[in-house]
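Working notes, structure below.
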Amino acid sequence: MTNFYIENFENIDESMYNKNVQVTGWIEDSRSIGSLIFLTLKNSTGKLQLIIKKNQVSEELWKQVDNITRQSIVKANGKLVHNEKNNIIELIIEELDILNEAVHPLPLDPTGRVDSGLDIILDSRSLSLRKPEIKSIFKLRNDSLMYIRDFFINNDFLEINTPKILSLGAEGGATLFKTEYFDKLGFLAQSPQLYKEQLMLAFEKVFEISHYFRAEKSNTTRHLNEFVSVDFEWAYKNNEQTMDLCEDLIKYTINNLIKNSSKELKNLDSDLSNYLNKFDRITYQNVIDDLNDLDHKKSFGEDITEHDLVVLSEKHKSFYFITDWPSEIKPFYIAGHKDSDLSMSFDLQFSNVELVSGGVRIHKVDELEKNMKKSGLDIKNFKSHLQTFKWGMPPHSGLGLGFDRLIMILANRKNIREVVLYPRDKDRLEP
Ligand code: AMO
């Protein structure tokens, strides 16, 4: 008869005491004291102490356990007991199989006794996830994704999946990855921009959470060549409403994390309670004035660089929107204010990190064509996109939120690579 198998160590309760059970996991630690060996067994749900008593097992089993390497995978059978003196639960081993031995030296120490640099962590990513702090990042990522999806579903948005191999890009030619598509040239999607807009024709509210690709050579702590973006698009809404929804989405996620993911936040030393105030909304013109006041010369019409944002972060340490950017420095699909060079657009910043871009879109085909030509695009290439704007396209707006950047903030990490399982940058295509 096989023993009762305990999958989740958190579910161990009194009803299992003094029963014969089976557990699996990896050996985190081993200590021998005379005729006893104490093993710390871990799995993704927690840990359990195993004890082997020399006088109760065969010599062969004792030797095997005595020589076991840390991080090896085992299956153990034995009696679960409650050690009342120390108030801990232990398993007294009767049988133990080493299912797979970990070969030492290991590239990093998952117990955290020895720290490793980010490159070593990323080179041995799967092993690094046995470290509780690193595991917490990905649990927080999982939870955030769940709350974001929940938020959109509660607000009647439809989840969409648009193609990631395209015949053209929407966010500027310089950052497109080319790919062979049979006898044609294809590109990896930089964003779902054109498709989410086309879908406004029939669905008033859509969202998509997916991977996008940008051939940016910049090697910074917040850029990757493959990243995850949370996009939404909705019809008949203005900039203020779109910013309100963005703010609600982030606060919904934060509130749920505070309520339900406190263990992870504590492991990551992340205090999110300060981020629940109303997000400031300042205009691009305010930013130019602020920068000049801070003795950082900047003229109207220039893009706001990362360095500018660092200077500005003296004043803005949390989330804040920058609105009404000059149309000239925004993509062709962003609508302008009437008779003005300013656009109905916004970015959401967190201190010096750009987190979101969004705005009201042009929904009239002639204006869109005019703007494309102005941006140097050949409208012939956008025929299938442009025709949808002649079929009764409603006014619409939306945004794209860099999900990895959001997690970097929520998990209190400094480098985007820390919060992505297998990051892709200019120098990293492996593992
Ligand atoms: P944008 O190009 O500003 O806008 O991208 C939206 C958000 O995506 C994130 N992001 C990145 N994250 C990591 N690495 C990168 N290389 C990277 N590039 C962008 C940022 C950024 O704010 N179509 C528009 C959005 C819209 O208007 O709906 C767009 O893609 O957090």
Side-chain angles (χ1 to χ4, degrees), residues 141 148 157 160 162 164 166 168-177 187-200 205-235 237 239 242-243 245-246 249-250 303-306 309 319-323 325 327 329-335 343-363 371 375 385 396-410 413 415-420 423-426 428:
R141 202 178 151 110
I148 288 174
F157 278 74
I160 54 167
T162 62
K164 304 300 161 229
L166 312 178
L168 44 82
E171 313 292 341
T175 65
L176 278 166
F177 276 113
F187 300 100
L188 299 186
Q190 300 158 306
S191 79
Q193 188 62 39
L194 303 185
Y195 292 101
K196 63 177 181 169
E197 287 198 55
Q198 290 179 23
L199 293 168
M200 286 297 96
K205 292 173 165 189
V206 299
F207 78 100
E208 179 163 18
I209 304 173
S210 194
H211 288 239
Y212 297 98
F213 307 89
R214 303 220 179 155
E216 282 160 329
K217 293 225 171 84
S218 50
N219 190 4
T220 79
T221 54
R222 58 202 60 145
H223 286 89
L224 289 175
N225 296 108
E226 177 178 5
F227 66 99
V228 172
S229 172
V230 175
D231 278 82
F232 79 74
E233 203 67 25
W234 58 348
K237 299 289 195 269
N239 235 16
T242 305
M243 282 189 280
L245 197 77
C246 174
L249 168 68
I250 290 172
D303 205 353
I304 312 283
T305 62
E306 291 218 18
L309 293 173
F319 292 98
Y320 69 104
F321 288 102
I322 304 177
T323 67
W325 293 69
S327 297
I329 53 174
K330 279 287 164 187
F332 66 85
Y333 47 80
I334 291 285
S343 62
M344 293 192 266
S345 63
F346 62 86
D347 279 8
L348 177 70
Q349 308 292 144
F350 177 85
S351 184
N352 58 334
V353 180
E354 182 209 305
L355 193 59
V356 173
S357 280
V360 177
R361 326 299 190 179
I362 297 174
H363 65 282
N371 237 20
S375 306
H385 178 61
H396 54 275
S397 60
L399 61 75
L401 177 157
F403 180 66
D404 312 295
R405 290 188 186 178
L406 177 67
I407 298 303
M408 183 172 88
I409 294 160
L410 300 179
R413 303 293 101 173
N415 192 321
I416 194 167
R417 291 162 185 78
E418 293 179 69
V419 305
V420 174
R424 291 289 175 258
D425 63 26
K426 196 164 66 58
R428 188 174 281 283

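Just follow the structure's listing: the first ligand is 1, and inside any ligand the first atom is 1. Everything quoted here is computed from the prediction, not taken from an experiment.
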Among non-hydrogen protein atoms, atom 9 (C) of ligand 1 lies closest to Gly402 CA, 3.6 Å
message: Is any side-chain heavy atom of Val230 closer than 4.5 Å to one of Phe207?
response: no
message: With respect to Gly359, determine whether any N or O atom, backbone or side chain, lies less than 3.5 Å from an N or O atom of ligand 1.
response: no
Ligand 1 atoms nearer than 4.0 angstrom to some heavy atom of Leu399 are 26 (C), 28 (O)
Quick look: Tyr212 vs ligand 1, heavy-atom contacts under 4.0 Å, and the answer is neither
Of all protein heavy atoms, the one nearest atom 27 (O) of ligand 1 is Arg361 NH1, 2.8 Å
Quiz item: Is there a side-chain contact between Leu224 and Arg417 (heavy atoms, below 4.5 Å)?
Solution: yes
for atom 22 (O) of ligand 1, nearest protein heavy atom and its distance come out as Glu354 OE2, 2.5 Å
With a 4.0 Å cut-off on heavy atoms, is Ser229 in contact with ligand 1?
no
* Would you say Asp404 contacts ligand 1, with heavy atoms under 4.0 Å as the rule? -> no
_Nitrogen or oxygen atoms of Glu216 and ligand 1 under 3.5 Å apart_ = yes
Judged by heavy atoms only, the candidate from Phe227, Phe403, Phe346 nearest atom 17 (C) of ligand 1 is Phe227
**Asked** Is any side-chain heavy atom of His396 closer than 4.5 Å to a side-chain heavy atom of Leu199?
**Response** no
Would Thr162 and Gln198 count as a side-chain contact (heavy atoms from CB on, under 4.5 Å) if you check the C-alpha gap in whole Å, the side-chain angles of each, and the deciding distance to 0.1 Å?
CA-CA 11 Å; Thr162 62; Gln198 290 179 23; over 6 Å; no
If we number the atoms of ligand 1 from 1 as shown, the ones under 4.0 Å from a heavy atom of Lys196 are 26 (C), 28 (O)
Open item on the list: If I apply the N/O under 3.5 Å rule, does Ile334 come out as touching ligand 1?
Closed with: no
Q) Between Glu171 and Gln190, is there a donor-acceptor pair closer than 3.5 Å when you use the side chain of the first and the backbone of the second? A) no
| query | Going through the distances and angles, do His211 and Lys164 end up as a side-chain contact (heavy atoms from CB on, under 4.5 Å)? | reply | CA-CA 8 Å; His211 288 239; Lys164 304 300 161 229; 5.9 Å; no
**Report entry** Tyr212 and Phe227: CA distance, side-chain angles, deciding distance, side-chain contact (heavy atoms from CB on, under 4.5 Å) verdict
**Finding:** CA-CA 5 Å; Tyr212 297 98; Phe227 66 99; 4.0 Å; yes
>> Measuring centre to centre across the rings, with the benzene-like ring taken for any Trp, is Phe213 within less than 6.0 Å of Phe177?
In response: no
re atom 6 (C) of ligand 1, the protein heavy-atom contact at minimum distance is Gly400 O, 3.5 Å
message: Please check: side-chain N/O of Arg361 versus main-chain N/O of Gly398, any donor-acceptor pairing under 3.5 Å?
response: yes
- Query: Does any non-hydrogen side-chain atom of Arg405 lie less than 4.5 Å from one of Ile416?
  - Reply: yes
Once you measure the plane-to-plane angle for Phe346 and Phe321, does it fall in the parallel (<30°), tilted (30-60°) or perpendicular (>60°) bin? perpendicular
Heavy-atom proximity to atom 2 (O) of ligand 1, picking from Glu171, Gln349, Arg214, points to Arg214
re atom 20 (C) of ligand 1, the protein heavy-atom contact at minimum distance is Arg405 NH1, 3.5 Å
Per-atom filter on ligand 1: closer than 4.0 angstrom to a heavy atom of Arg222 are 13 (C), 14 (N)
Ligand 1 to His223, heavy atom cutoff 4.0 Å, flagged ligand atoms 14 (N), 16 (N)
Note: Gln193, heavy atoms under 4.0 Å from ligand 1, region reported as side chain
Per-atom filter on ligand 1: closer than 4.0 angstrom to a heavy atom of Gly358 are 27 (O)
Problem - side-chain contact (heavy atoms from CB on, under 4.5 Å) assessment of Leu245 paired with Phe157 - result: CA-CA 12 Å; Leu245 197 77; Phe157 278 74; 3.6 Å; yes
Does the side chain of Trp325 reach to within under 4.5 Å of the side chain of Ile334, using non-hydrogen atoms?
-> no
Consider ligand 1: state whether an atom of it lies below 4.0 angstrom from any non-hydrogen atom of Tyr333. yes
### Task
Using a strict 4.0 Å threshold on nitrogen-to-oxygen distance, state whether Asp347 and Lys330 make a salt bridge.
yes
Checking heavy atoms under 4.0 Å, the part of Ser357 that sits near ligand 1 is both
Residue, atom and distance of the protein heavy atom nearest atom 31 (O) of ligand 1 read Leu355 O, 2.9 Å
Flag Leu224 as yes when one of its N or O atoms lies below 3.5 Å from any N or O atom of ligand 1, and as no otherwise. yes
| task | State if Gln190 counts as touching ligand 1 under the rule of any non-hydrogen atom under 4.0 Å. | result | no
Note: Val356, heavy atoms under 4.0 Å from ligand 1, region reported as backbone
Q: Would you confirm whether Ser191, through its side chain, and Gln193, through its main-chain N or O, come within 3.5 Å as a donor-acceptor pair?
A: yes
